[in-house]
Amino acid sequence: MSRAKNYSELEAELVLDAKATLGEGAIWHPAEKRLYWVDIEGRELHLFDPTTDEDTVWPVGERAGTVVPIVNGGALVALQNGVHFINTETGELTLVANPLEQDDIRFNDGKCDPAGRFWVGTMALDSREGAAVLYRMEHDGQIAQVLDNLSVSNGLVWTADKSRMYFIDTPTRKVQSFSYDHDTGTIQKERDVIAIPEHEGKPDGMTIDDRGRLWIALYGGGGVGCWDPETGELLLKVKVPAPHTTSCAFGGERLDTLYITTARNGLDNDQLHEFPKSGGIFALKPDAKGVPANFFLSRL
């Protein structure tokens, strides 16, 4: 991986001192003007309103891998015991589907494709190689396995022309490109487009901007990198005063604010003393604009 000639660095600031154990799954809800995110190990769904600083918390009782809003209200949460519908007004949970058969496998990151299908991956609690898969859930709740032999299924985004999906299996340190069929939801591996060196941290959650650049949270790397998937070059790094950056999403009225989740777990006492804001939500305006997130189109 090379850095672009005009490579630059920016710094994010704390906007919510959440002290999450494992903050993840950031996604912006434009109608509600709130950032949805989860604390996986805290077993909570959070709805953060940056204009009022109010953070609504719904305990979900199980590890919460990710969240995606639903077109006609509410959201899907991928919990240890299955994908559930959650009423975001009451916190009430309703099981939709549970393909997980082993107790030590949990859902991890997931997002919706441009057609409104829900894609969600898994990982073993011990992160062992080859134990993870990627699922695709249709509008009616039917789930199909799409990829297997993964280790930590993570960031997912689709291009504006709906022809390509980018995907991260964290331990590979690569972003993979797949051709994507919008009508059927089928994918086919094309190539690896980005390789992330060890000193930058492990690639975790990912979002895409309106110029097709990929913004990748770097677990252990204390920041978010912006890469050009066409050249593989690192264009920009957003530094975060928390080593374990986990996910990122563009939000705000103009989708020009980058929100970043972080984690406290995996840090020892010395690191927590050095980085006391770990587990918080950070933000900045990086002179870039995101694209509206895809929501789940439910026919349940």
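Bear in mind that the values here come from a model prediction, so they are computed numbers and not experimental data.
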Practice task
Please assess V96 against M137 for the test side-chain contact (heavy atoms from CB on, under 4.5 Å), listing each intermediate value before the final yes or no.
Solution key: CA-CA 10 Å; V96 177; M137 190 170 98; 3.9 Å; yes
Rounding to 0.5 Å, atoms CD1 (I194) and CG (L214) come to a distance of 4.5 Å
Quick one, F282 and L284 - any side-chain contact, counting heavy atoms below 4.5 Å? no
Next on the checklist: Around atom NZ of K19, are there more than 12 heavy atoms from other residues, nucleotides or ligands closer than 6.0 Å?
Outcome noted: yes
Check your understanding: Are there more than 12 heavy atoms of other residues, nucleotides or ligands under 6.0 Å from atom NZ of K277?
Key -> no
Does any non-hydrogen side-chain atom of M165 lie less than 4.5 Å from one of L156? yes
Exercise. Answer yes or no: is there a side-chain heavy-atom contact under 4.5 Å between K189 and F178?
Key: yes
**Message:** Taking CD in E13 as the centre, count heavy atoms belonging to other residues, nucleotides or ligands within less than 6.0 Å. Is the count above 12?
**Reply:** no
- [ ] Flag the pair P99 / Q145 as yes when at least one side-chain heavy-atom distance between them is below 4.5 Å, and no otherwise.
- [x] no
- For G23, does its backbone N or O pair with a side-chain atom of T246 as donor and acceptor, under 3.5 Å? yes
inquiry  = Between F85 and S298, is there a side-chain heavy-atom distance shorter than 4.5 Å?
reply    = no
Query - ring-ring contact (aromatic ring centres under 6.0 Å, His included) between F48 and W37, worked out - result: CA-CA 8 Å; F48 172 57; W37 63 281; 8.1 Å; no
Stepwise, does the salt bridge (Lys or Arg N to Asp or Glu O under 4.0 Å) test hold for E138 with R117?
CA-CA 5 Å; E138 302 293 335; R117 308 175 190 94; 3.5 Å; yes
Dump the intermediate steps for side-chain contact (heavy atoms from CB on, under 4.5 Å) on I260 and C248, then the final yes or no.
-> CA-CA 4 Å; I260 301 162; C248 53; 4.3 Å; yes
TODO: Can you establish whether the number of heavy atoms outside E198 located under 6.0 Å from its atom CD is more than 12?
DONE: no
**Report entry** R173 side chain vs G201 backbone, donor-acceptor pair below 3.5 Å
**Finding:** yes
| Can L300 be reached from L95 by stepping across I, L, V, M, F, W or Y side chains whose heavy atoms are under 4.5 Å apart? | no
Rounded to the nearest 0.5 Å, the CG atom of L134 sits from the CG atom of D169 at a distance of 10.0 Å
Query - More than 12 heavy atoms of other groups within 6.0 Å of E129 CD - result: no
> More than 12 heavy atoms of other residues, nucleotides or ligands under 6.0 Å from CG of D268: is that the case?
Replying inline: yes
Taking NZ, NE, NH1 and NH2 as the nitrogens, is one of them in R3 or E200 under 4.0 Å from a carboxylate oxygen of the other?
yes
Next item on the list: Taking only Lys NZ, Arg NE, NH1 and NH2, and the carboxylate oxygens of Asp or Glu, determine whether R128 and D104 approach each other closer than 4.0 Å.
Entry: yes
Could you tell me whether E32 atom CD has more than 12 heavy atoms of other residues or ligands within 6.0 Å of it? yes
Assigning hydrophobic clusters by single linkage (Ile, Leu, Val, Met, Phe, Trp, Tyr; side-chain heavy-atom cutoff under 4.5 Å), is V157 placed with V175?
yes
Q: Answer yes if the ring centres of W215 and F250 are under 6.0 angstrom apart, and no otherwise.
A: yes
Main chain of E190, side chain of S177: is a donor-acceptor contact present, judged purely on distance under 3.5 Å?
no
T170 side-chain N/O to P203 backbone N/O, donor-acceptor pair under 3.5 Å
yes
Which of R43, E62, R106, R63 passes side-chain hydrogen bond (donor to acceptor under 3.5 Å, both in side chains) with Q80? Answer is R63
Just so I know, are the side chains of K111 and T207 near enough to count as touching, which here means a heavy-atom distance under 4.5 Å? no
Quick check: do R213 and L235 have side-chain heavy atoms less than 4.5 Å from each other? yes
Look at the aromatic rings of F295 and H29 and report parallel, tilted or perpendicular, splitting at 30° and 60°. tilted
For the backbone of L218 and the side chain of T245, can you confirm whether one donor and one acceptor N or O come within less than 3.5 Å of each other? yes
*Donor-acceptor contact below 3.5 Å, side chain N108 vs main chain N154*: no
Between the OH atom in Y36 and the CZ atom in R34, the distance rounded to the nearest 0.5 Å is 5.0 Å
Does any donor atom in the side chain of S247 or T261 lie under 3.5 Å from an acceptor atom in the other side chain? yes
dist N81:CG -> L93:CG (nearest 0.5 Å) comes out at 8.5 Å
* Asked: Counting distance only, does the side-chain N/O of T262 pair as donor-acceptor with the main-chain N or O of G280 below 3.5 Å?
  -> yes
On a heavy-atom basis, the closest approach of I105 and A131 is CD1-O, 3.7 Å
Paired with W119, the ring pair (Phe, Tyr, Trp, His ring centres under 6.0 Å) test is passed by just one of F296, W158, F167, namely W158
task = Determine whether more than 12 heavy atoms belonging to other residues, nucleotides or ligands lie under 6.0 Å from atom CG of N269.
result = no
### Message
Using a 3.5 Å distance criterion without hydrogens, assess whether the side chain of D39 forms a donor-acceptor pair with backbone atoms of L22.
### Response
yes
inquiry  = Are V68 and I143 connected into the same hydrophobic cluster when the rule is that any two of I, L, V, M, F, W, Y join if their side-chain heavy atoms are below 4.5 Å apart?
reply    = yes
d(L47 CG, E89 CD) to nearest 0.5 Å is 9.0 Å
query: Any chain of hydrophobic side-chain contacts (each under 4.5 Å) joining L150 to V152?
result: no
**Any donor-acceptor N/O pair, T66 side chain to D109 backbone, under 3.5 Å** = no
Worksheet item: For the hydrophobic clusters of this structure (ILVMFWY residues joined by side-chain heavy atoms under 4.5 Å, transitively), does one cluster hold both I27 and I40?
Response: yes
Rounding to 0.5 Å, atoms NZ (K162) and CG (D181) come to a distance of 12.0 Å
Classify the angle between the aromatic ring planes of Y135 and F107 as parallel (below 30°), tilted (30 to 60°) or perpendicular (above 60°). perpendicular
Is the shortest side-chain heavy-atom distance between I196 and W227 below 4.5 Å?
yes
